[in-house]
Engineer: 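I'd like to ask some things about the structure below.
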Amino acid sequence: MLEQEVELPCQVPQAMLNFENCEKLLLFRPVVAIPGCQLDYIWNELQSRIGRLAFDPDREARSLDFHSQMLLITVGELDDRPRRQRAVPPRDSSPESCRAWREAGPGVWAPERSDSLAASGHMDARTHRRTVGTPKTMAERAGRRCCLGWDFSTQQVKVVAVDAELNVFYEDSVHFDRDLPEFGTQGGVHVHKDRLTVTSPVLMWVQALDLILEKMKASGFDFSQVLALSGAGQQHGSVYWKTGASLALSSLSPALLLHQQLQACFSVSDCPIWMDSSTTAQCHQLEAAVGGAQALSCLTGSRAYERFTGNQISKIFQKNPEAYSNSERISLVSSFAASLFLGGYSPIDYSDGSGMNLLQIQEKVWSQACLDACAPHLKEKLGSPVPSCSVVGAISSYYVQRYGFPPGCKVVAFTGDNPASLAGMRLEEGDVAVSLGTSDTLFLWLQKPMPALEGHIFCNPVDARQYMALLCFKNGSLMREKIRDESASCSWNKFSKALQSTEMGNNGNLGFYFDVMEITPEIIGCHRFNADNMEVSAFPGDVEIRALVEGQFMAKRIHAEGLGYRIMPKTKILATGGASHNKDILQVLADVFGAPVYVIDTTSSACVGSAYRAFHGLAGGTGVAFSEVVKSAPQPSLAATPNPGASQVYAALLPRYAELEQRILSKARGPLE
């Protein structure tokens, strides 16, 4: 295998660090000859420092000098000579192998690669690394009409560019801790002394947008081809715009960066985010005001949760009334980000607004009872919500003049990261997405929701008449790994063989495995039952493994159906996360749900989903089916289909599992009652 190389100097003189040379640096992905070196880390550092030259030229030039030395590329000049090809360093990182590779020399002159990946600058499907080409290739890419998808997540701001054929051809990101260390975050957040209050600096998000746009500009990205953009934000977080901020937004100077002009625009500098759990008192107050937890869930899609925005606003009003009074607008992270692009306040969309404990999900209007329970004059500060596919305006002239966006570039309403991921995975009616990670998460497409005390129901981000549900299960991969270690000698191969050697239904043996307090349902501990519903202390190893996997998936189906989900003939299950690579686990998933299981890459699902939603907004939004807009997108791969007889086996087991779960739950609650 050969990889493209350009000759760069071992040491880049500071005098050469102008933007012309920076663009040349970014046009090529060099080969690194350091044993054990992490190429992606070094390359990302170089890109990051180049982008930051506009902020601190002296410091970043020194950093660039250091990181360029780490590349240890063939000494040469930054010029336009033809590219070379050189064998990639051996996987064996022994000194002998690396010395032999270096002694082989810089290679021979070779014609340009003709494969489509190198020519197009597409992402590698497995690694999602940007494969960048020559200046000629960049010129070819410049003609690509595209939409941008943004994601303002907890730890980074990320962007992808998707062309009209729905191919991702550009990707970049700014990592808060690494690229903006001056804000002192860990994992993108500030955890306060009480360990309950968790916030993020709002100006960090603004400066991250500055930084990523400057990086894109330095890389030669052609903003003039952007038709529309949309984005996602971490759900539940809130931003408080100070009185007069709208004037600053609408009169941005293209000569200055955003963060330089918006520093005085926020009445709360550190914004509460989804990790905050300091609002228990406000949750009780809200539920009491509307008639209890179930009443609130029926109204807004969820019972009161500490991280939900209404309760966070209530705390701001109670603890910091001056800041609340000085706020002329309150945004979600998603609508805040959209406002930056609009040069004015963007409305909150229905889907992300569903995660606030404030929106009536059936009528799609703010609940006056909930607003009154949280803070006065809140309706005026929030503005009116809009359908998630709405075009909320054209991009601000600031971006036209500074970066070259076309004046007609549209901004489609931003939404939450979870709804955007649903769009990125292209779920349709009856579909389920199962993320099998540290925690397991279920995304459901619902037509007739049944709000409950567990899970969340949101307005659907791609069809305003439909809904989506979200269920989280805390005991995911760590629980599977624990049982693997105990019952399969730490071997996934033996774990899989246990699933292959045991029958569907496990001869009636059922298990509940909760190493930590579960969210859905609230149970802790391991509980095993034989075919006669008698609790037993242990199972044989193979039985234990199947009981774990079957139990996890039966719980997911039971609780999904409790929210109104129904399996349909056209239902498909999209599996993601680490465990989705195990075909035997996926076979159990297909059997329990009675539906085929597909695997799909969701590395950048919120970003890609945002770009898809931008295309949807351009196509007419509510008047056009989202599935029609994205039908040419890469299709998921079939991984498993239900075994014959599976539906009969689990039709008998599912009611038993639900009954035993209630027995455990009642027993656990007994002493409290």
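None of the values given here were measured: they were computed from a predicted structure.
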Engineer: Under 4.5 Å between any side-chain heavy atoms of Phe458 and Leu422, yes or no?
Structural biologist: no

Engineer: Specify the closest pair of heavy atoms between Thr571 and Pro596, including all atoms of both residues, with the distance to one decimal.
Structural biologist: O-CD, 3.5 Å

Engineer: Could you list the residues that satisfy side-chain contact (heavy atoms from CB on, under 4.5 Å) with Leu209, not counting sequence neighbours?
Structural biologist: Trp150, Phe152, Ile212, Leu213, Leu258, Leu340, Phe341, Tyr399

Engineer: Has Ser354 got a side-chain atom pairing as donor or acceptor with Tyr350's backbone, closer than 3.5 angstrom?
Structural biologist: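 Judged by distance alone, yes, a pair lies under 3.5 Å.
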
Engineer: Using distance only, find each side-chain donor-acceptor pair of residues 620-631 under 3.5 Å and give its atom names and separation, not counting sequence neighbours.
Structural biologist:
unit_1: Glu628; atom_1: OE1; unit_2: Lys631; atom_2: NZ; d: 3.1

Engineer: Output, in order, the C-alpha distance, side-chain angles, deciding distance and verdict of side-chain hydrogen bond (donor to acceptor under 3.5 Å, both in side chains) for Thr603 and Asp601.
Structural biologist: CA-CA 6 Å; Thr603 307; Asp601 181 12; 2.6 Å; yes

Engineer: Tyr403 versus Met216: any side-chain heavy-atom pair under 4.5 Å?
Structural biologist: no

Engineer: Return the minimal non-hydrogen interatomic distance between Ala413 and Arg613, and the atom names on each side.
Structural biologist: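 Reported closest heavy-atom pair: O-NH2, 2.6 Å.
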
Engineer: Assess the side chains of Asp352 and Thr415: does a donor N or O sit below 3.5 Å from an acceptor N or O?
Structural biologist: no

Engineer: Taking the side chain as every heavy atom from C-beta outward, state whether Leu618 and Cys147 have any atom pair closer than 4.5 Å.
Structural biologist: yes

Engineer: Can you list everything that forms a salt bridge (charged side-chain N to carboxylate O under 4.0 Å, His left out) with Asp417? Sequence neighbours excluded, please.
Structural biologist: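 Partners of Asp417 by the salt bridge (charged side-chain N to carboxylate O under 4.0 Å, His left out) criterion come out as none, since no residue qualifies.
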
Engineer: For the CZ atom of Phe414 and the OG atom of Ser230, what is their distance to the nearest 0.5 Å?
Structural biologist: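 The OG atom of Ser230 is 5.5 Å from CZ of Phe414, to the nearest 0.5 Å.
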
Engineer: Does some side-chain heavy atom of Cys271 sit less than 4.5 Å from a side-chain heavy atom of Ser200?
Structural biologist: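 They are not in side-chain contact.
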
Engineer: Do Phe405 and Leu229 come within less than 4.5 Å of each other through their side chains, counting heavy atoms only?
Structural biologist: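 In short, these two side chains touch, coming nearer than 4.5 Å.
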
Engineer: Rounded to the nearest 0.5 Å, what separation is found between the CD atom of Glu214 and the OG atom of Ser219?
Structural biologist: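 Result: 11.0 Å between the selected atoms.
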
Engineer: How would you list all residue pairs meeting side chain to side chain donor-acceptor pair (under 3.5 Å) that involve residues 404-413, not counting sequence neighbours?
Structural biologist: none

Engineer: Under a 4.5 Å cut-off applied to non-hydrogen side-chain atoms, are Leu257 and Arg402 in contact?
Structural biologist: yes

Engineer: Distance under 6.0 Å and angle within 45° of the ring axis: does Arg144 meet both against Phe169?
Structural biologist: yes

Engineer: Show every side chain to side chain donor-acceptor pair (under 3.5 Å) that has at least one partner inside residues 153-162, sequence neighbours left out.
Structural biologist: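 Passing the test, one end in residues 153-162: Thr154-Trp274, Lys158-Glu171, Lys158-Ser604.
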
Engineer: Measure across Leu586 and Ser580 and return the closest heavy-atom pair with its distance rounded to 0.1 Å.
Structural biologist: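 Between these two residues, the closest heavy atoms are CD1-O, 3.2 Å.
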
Engineer: Under 4.5 Å between any side-chain heavy atoms of Phe176 and Val157, yes or no?
Structural biologist: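 A side-chain contact under 4.5 Å exists here.
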
Engineer: Output a table of donor-acceptor pairs, distance under 3.5 Å, between side-chain atoms of residues 427-438 and any protein atom two or more places apart or on a different chain; print 'none' if there are none.
Structural biologist:
unit_1: Asp431; atom_1: OD1; unit_2: Lys572; atom_2: N; d: 3.2
unit_1: Asp431; atom_1: OD2; unit_2: Glu428; atom_2: N; d: 2.9
unit_1: Asp431; atom_1: OD2; unit_2: Lys572; atom_2: NZ; d: 2.7

Engineer: Other residues, nucleotides and ligands only: do more than 12 of their heavy atoms fall within 6.0 Å of CD on Gln186?
Structural biologist: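 Count not over threshold, so no.
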
